[in-house]
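Below you'll find the structure, written out as structure tokens, and then a few comments.
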Amino acid sequence: MPGCFKKTLFALASLISFVSFILIVVAMGIPKWMTGKILCKTGADLVNATDPELVKFIGEIYYGLFRGGKIRQCGLGGRRSKFTIFPHMVKKLNTGLHVMIIMFLCVAIFFSLVSFGFCILNTIKVPYRAINGPAGACLWNFLAGGFVVLGATSFMAAVKLHHLTERIANFRENVFRFVILEERFEDCFWICVASATAHAVNLLLIAISGIHFPKIKTKTEEVNVTAEDIMY
């Protein structure tokens, strides 16, 4: 049986792994990875809008991995619309990169559950095989955190290098053209970053569990036996 200190660390690590699993699932389901402001360039150019008038042509957009929405402002008031990435819009995006983001996060979900199971195993008993012990728990936490980082990095690449927001904003816009004025990474993106950080914390906890602290020994008083003591 593992010691009390080791049990506590692995119990905490298992809780963190499960929380990481929940965070990734929630992040994937909520369409709030990115928000931004979009300018209806065509409408603004038609009326030669100046700075005070540009407010009438500035709308908003938000989206996640599967769906999103936008408010179009083209001088005639705001028009709200919602959209889904699959199956139609993904053809206009970088399909391979977008699918890779989802796959990375799905693999991270799997490894988060595996690391949760391994941490529970190490809480209950000391495994016979080394791969089932702290080494295995470290491996699965490293893989889970690594795939989350890959997913978040790929999403950043899609936004910054492949102009994901602009492509989504101009999807099926035959008359008006929109340009991006502002982009912000929102809570769901940072939730993924928090998930990767959680696995890094787990690696630290597992490393601490392997430290062997010296045992404190109490010194016993030496008894000096003399010849007089033996006589009496």
Side-chain angles (χ1 to χ4, degrees), residues 22-109 146-197:
I22 297 296
L23 289 177
I24 302 171
V25 172
V26 170
M28 291 183 69
I30 297 177
K32 278 284 185 175
W33 281 61
M34 178 67 67
T35 60
K37 293 183 178 180
I38 53 176
L39 171 67
C40 183
K41 182 70 173 173
T42 307
D45 290 343
L46 284 174
V47 298
N48 293 321
T50 57
D51 288 341
E53 298 170 336
L54 282 177
V55 179
K56 298 179 181 179
F57 297 91
I58 297 176
E60 297 178 358
I61 189 171
Y62 67 91
Y63 61 90
L65 298 180
F66 300 100
R67 64 187 188 277
K70 65 180 179 180
I71 303 175
R72 300 166 72 254
Q73 294 274 13
C74 293
L76 300 174
R79 293 182 58 188
R80 294 179 179 270
S81 62
K82 293 184 179 181
F83 54 83
T84 55
I85 304 295
F86 295 94
H88 305 295
M89 187 179 290
V90 73
K91 297 176 182 178
K92 298 293 183 181
L93 310 179
N94 190 322
T95 307
L97 183 57
H98 198 80
V99 172
M100 279 176 57
I101 296 169
I102 296 172
M103 288 182 61
F104 283 149
L105 294 178
C106 288
V107 174
I109 288 173
F147 276 102
V148 174
V149 170
L150 284 174
T153 305
S154 299
F155 183 77
M156 291 178 64
V159 172
K160 299 300 182 182
L161 301 180
H162 295 272
H163 310 290
L164 182 61
T165 308
E166 186 174 349
R167 292 189 183 195
I168 292 176
N170 288 286
F171 179 70
R172 289 183 176 175
E173 293 288 349
N174 299 320
V175 178
F176 298 102
R177 178 178 175 272
F178 292 88
V179 295
I180 309 303
L181 298 180
E182 181 183 321
E183 290 177 315
R184 295 185 304 276
F185 291 100
E186 288 297 334
D187 295 342
C188 290
F189 174 82
W190 297 114
I191 284 175
C192 283
V193 175
S195 173
T197 306

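In this chain, numbering begins with 1 at the start of the sequence shown.
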Once rounded to the nearest 0.5 Å, what's the spacing between atom CD of Glu166 and atom CD of Glu183?
9.0 Å
Between Leu105 and Leu65, is the side-chain contact (heavy atoms from CB on, under 4.5 Å) condition met? List the steps.
CA-CA 11 Å; Leu105 294 178; Leu65 298 180; 3.7 Å; yes
To the nearest 0.5 Å, tell me how far Phe83 CZ sits from Met89 CE.
5.0 Å
Listed partners of Glu182 passing side-chain contact (heavy atoms from CB on, under 4.5 Å), at least two apart
Lys37, Arg184
Closest non-hydrogen atoms of Ile101 and Ala158, given as atom of the first, atom of the second and distance, are CD1-CB, 4.4 Å
Please name all residues satisfying salt bridge (Lys or Arg N to Asp or Glu O under 4.0 Å) with Lys32, sequence neighbours left out, ordered by chain then number.
none
Applying salt bridge (charged side-chain N to carboxylate O under 4.0 Å, His left out) as the test, list every pair that has at least one member in residues 76-85; sequence neighbours left out.
none
Would Phe147 and Leu150 count as a side-chain contact (heavy atoms from CB on, under 4.5 Å) if you check the C-alpha gap in whole Å, the side-chain angles of each, and the deciding distance to 0.1 Å?
CA-CA 5 Å; Phe147 276 102; Leu150 284 174; 4.1 Å; yes
Just grab all the salt bridge (charged side-chain N to carboxylate O under 4.0 Å, His left out) pairs involving residues 146-156, residues at least two apart or on different chains.
none
Side-chain contact, heavy-atom cut-off 4.5 Å: Pro31 with Tyr63?
no
Which heavy atom in Ile24 sits nearest to a heavy atom in Ala108, and how many Å separate them?
CD1-CB, 4.0 Å
Residues at least two apart in sequence or cross-chain that pass side-chain contact (heavy atoms from CB on, under 4.5 Å) with Phe86, listed by chain then number, are Phe66, Val90, His98, Ile102
Test of understanding: with ring-ring contact (aromatic ring centres under 6.0 Å, His included), list the residues that count as partners of Phe155, not counting sequence neighbours.
Trp33
Test of understanding: with side-chain hydrogen bond (donor to acceptor under 3.5 Å, both in side chains), list the residues that count as partners of Asn170, not counting sequence neighbours.
none
Side chains of Gln73 and Ile58: closer than 4.5 Å at any heavy-atom pair?
no
side-chain contact (heavy atoms from CB on, under 4.5 Å) with Met156: which residues, sequence neighbours excluded?
Phe185, Phe189
Would you say Phe176 and Arg72 make side-chain contact, with heavy atoms under 4.5 Å?
yes
Work out which heavy atom in Ala169 is nearest to a heavy atom in Phe178; give both atom names and the distance.
O-CD1, 3.8 Å
Going by the rule side-chain contact (heavy atoms from CB on, under 4.5 Å), which residues pair with Ser81 if we only count those two or more places apart in sequence or in a different chain?
Lys70
Qualifying residues under side-chain hydrogen bond (donor to acceptor under 3.5 Å, both in side chains), relative to His162, sequence neighbours excluded:
Asn94
CD1 of Ile85 to CG of Leu164: how many Å apart, nearest 0.5 Å?
7.0 Å
With a 4.5 Å limit on heavy-atom distance, are the side chains of Ile168 and Leu93 in contact?
yes
Can you confirm whether Ile109 sits close enough to Met28 that some side-chain heavy atom of one is under 4.5 Å from a side-chain heavy atom of the other?
yes
Residues two or more places apart in sequence or in another chain: which of them pass salt bridge (Lys or Arg N to Asp or Glu O under 4.0 Å) with Arg67?
none
Is the number of heavy atoms from other residues, nucleotides or ligands within 6.0 Å of CG (Asp45) greater than 12?
yes
Atom pair SG/CG of Cys192 and Asp187 - distance to nearest 0.5 Å:
11.5 Å
I need the Ile38 CD1 to Thr165 OG1 distance, nearest 0.5 Å.
10.0 Å
To the closest 0.5 Å, what do you measure between CD1 (Ile30) and CD (Glu186)?
11.5 Å
Who passes salt bridge (Lys or Arg N to Asp or Glu O under 4.0 Å) against Arg172, sequence neighbours left out?
none
